[in-house]
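Naming convention: chains lettered A, B, ... in sequence-line order (proteins, then strands); numbering from 1 in each chain.
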Number of protein chains: 2
Amino acid sequence: MAEDGARDGAGLPLVEAIREAIIRGDFVPNQRLVEADLSTQFAASRASVRSALLELTNEGLVERIQHRGARVRAVSLAEAIEISEVRMVLEGLCAAKAAECVTGEEVLEFQSLGASMRKAVADGDLLGYSSLNQQLHRRVREIGGQQTASRVLERLRGQNVRHQFRLAMQPGRPSVSLPEHLAIIDGICAHDPEAAERAARAHLRSVIVALQEVDRTGPPPRGA
Amino acid sequence: MAEDGARDGAGLPLVEAIREAIIRGDFVPNQRLVEADLSTQFAASRASVRSALLELTNEGLVERIQHRGARVRAVSLAEAIEISEVRMVLEGLCAAKAAECVTGEEVLEFQSLGASMRKAVADGDLLGYSSLNQQLHRRVREIGGQQTASRVLERLRGQNVRHQFRLAMQPGRPSVSLPEHLAIIDGICAHDPEAAERAARAHLRSVIVALQEVDRTGPPPRGA
DNA sequence: CACACCGATATTGTCAACAATATTGTGCAG
DNA sequence: CTGCACAATATTGTTGACAATATCGGTGTG
């Protein structure tokens with residue numbers, strides 16, 4: 001509460017403002033999202049808020065029950081694993097397609113990206129590595145050219161960004177994921193769709209295992 | 001036009017009514033969906049129509065442009081192929097998971113379903129086969145228990161139901177798809193996730209080839 | 001003391017009217 | 001005859017108020 005929603009003004013289209021607020025963590029899971037409150041906080045009409053909540057519901061970020069309002073959806077560990085399984089096969093698909101149609105220039109770009117990731121891990125730059133990580137996944141999607149898969153992946157990303165964040169902060173995690181990422185890059189640069197898909201799937205499988213691990217060690221940062 | 005939208009009354013929640021109308025083909029691709037018209041046709045307020053269109057937009061069934069209204073989204077062949085590629089990996093995932101956790105009772109159900117499909121093809125019952133087809137895919141999703149994948153698949157289904165329909169009506173198509181379906185069933189019943197996934201992917205790959213074929217022979221039934 | 005009933009409150013869902021915007025048709029100049 | 005400015009129209013986007021519904025607190029009774 002107490003946020004006066006200064007940042008939106010008329011710049012971003014409200015739905016993005018709320019989405020960012022949820023992803024950033026301004027709204028915690030299970031927090032109620034009352035239409036009237038949001039309309040004042042974001043200086044928008046209730047109808048706009050309503051339509052934004054509709055959109056975010058379909059994106060899986062908020063949950064609505066008839067006559068009972070909207071709340072920030074709390075994705076359980078089981079759901080996070082499901083999402084990662086879907087990501088596994090979809091990113092595998094994108095990696096395979098990227099390996100097929102990658103250009104020479106893009107190969108160089110990927111290799112440079114790989115080098116940067118290596119360096120970030122060596123330097124212990126967690127934040128930089130996380131950013132490069134996202135960049136890699138995004139580029140694979142873009143180059144794969146599978147817009148349908150990209151849209152789905154983009155939506156899923158928002159849903160377990162919280163779990164993803166916990167993973168990235170896990171000590172020792174980068175040294176595990178780095179070789180997996182490099183394998184994806186290698187497969188794509190070698191124009192080997194099957195290798196790229198295998199590598200992408202292996203990476204996500206590893207993410208799933210890590211999710212289960214991190215849950216066993218330290219339960220949720222903020223209990224529901 | 002000229003439909004007075006008799007069927008909805010107060011039974012189904014409007015959004016489903018419009019969705020069914022689009023899927024059924026009452027509204028053809030690229031047809032404009034004017035809010036005022038729909039509100040009279042379906043005897044609902046414009047606000048309700050508006051929110052329904054919002055929802056359907058997020059489902060990918062309609063397309064909206066700022067201040068220019070909504071139209072039924074026409075999915076191109078390229079998009080249909082993309083969708084089928086996504087289906088390929090997701091149904092592969094579901095089939096694999098189904099193979100892992102299928103019960104003895106469900107094995108019998110699948111085998112019975114396979115027998116029915118065989119019979120329908122032998123009898124030349126296109127409609128019955130199409131129905132069994134959908135039932136098979138649905139059961140695989142349900143038993144796989146991957147709700148995230150299921151939701152995505154369900155949404156994608158609505159988008160290329162038109163292309164799917166054209167395929168089903170293609171002469172000779174059932175004899176091609178039947179063994180593919182049976183292979184999926186066999187893989188699941190054998191509790192062999194890899195075989196089930198391979199079979200599911202092979203099936204969808206065949207669907208993609210068939211989509212390209214049917215486009216080459218007979219372009220769209222109703223040009224955009 | 002526990003439990004069902006009932007009214008008060010908060011919140012969503014719906015509606016009708018108004019403003020903003022894009023499209024279309026018309027008239028005029030070149 | 002063609003191209004452009006401009007008004008008329010059609011349609012969406014927004015606002016505010018109203019009705020429907022669920023939740024919460026109190027009250028009475030077994």
Donor-acceptor pair, distance only, cut-off 3.5 Å: does the side chain of Ser131(B) make one with the backbone of Leu127(B)?
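Side chain of Ser131(B) to backbone of Leu127(B): no pair is present.
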Note to self: Donor-acceptor pair, distance only, cut-off 3.5 Å: does the side chain of Glu82(A) make one with the backbone of Ala149(B)?
What the structure shows: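 Between the backbone of Ala149(B) and the side chain of Glu82(A) there is no qualifying donor-acceptor contact (under 3.5 Å).
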Legend entry - Bending between helix ends of the helix from dC1(C)-dG30(D) to dG30(C)-dC1(D) [5 pairs per end, 10° resolution]: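 About 20°, once rounded to a multiple of 10°.
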* To do: May I have the distance from Leu54(A) (atom CG) to dG13(C) (atom C1'), rounded to whole angstrom?
  =>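 It is 11 Å, rounded to the nearest whole Å.
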Pick out which of Gln164(B), Arg73(B), Glu79(B) makes a side-chain hydrogen bond (donor to acceptor under 3.5 Å, both in side chains) with Gln159(B).
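Output: one option passes, namely Arg73(B).
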*Where at least one partner belongs to residues 51-61 of chain A, residue pairs that pass side-chain hydrogen bond (donor to acceptor under 3.5 Å, both in side chains), sequence neighbours excluded*: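 Matches after skipping sequence neighbours: Arg19(A)-Glu59(A).
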Exercise. With sequence neighbours excluded, what pairs up with Arg138(A) under the salt bridge (Lys or Arg N to Asp or Glu O under 4.0 Å) test?
Worked result: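 Arg138(A) satisfies salt bridge (Lys or Arg N to Asp or Glu O under 4.0 Å) with Glu142(A) only.
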Per-nt protein contacts along nucleotides 11-22 of chain D (heavy atom under 4.0 Å; B base, S backbone sugar-phosphate only, - none) come out as SBBBB-B---SS
Please test His137(A) against His181(A) for side-chain contact (heavy atoms from CB on, under 4.5 Å), starting from the C-alpha separation and ending with a verdict. CA-CA 9 Å; His137(A) 285 270; His181(A) 284 138; 3.4 Å; yes
Q | Listed partners of Val102(B) passing side chain to side chain contact (heavy atoms under 4.5 Å, CB included), at least two apart | A |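 Counting only residues at least two positions away or on another chain, Val102(B) forms a side chain to side chain contact (heavy atoms under 4.5 Å, CB included) with Glu106(B), Val107(B), Phe110(B), Ile143(B), Ile188(B), His191(B).
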Next item on the list: Please list, chain by chain and in numerical order, all residues satisfying side chain to side chain contact (heavy atoms under 4.5 Å, CB included) with Arg71(B), sequence neighbours excluded.
Entry: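 Side chain to side chain contact (heavy atoms under 4.5 Å, CB included) check on Arg71(B) returns Asn30(B), Arg32(B), Glu63(B).
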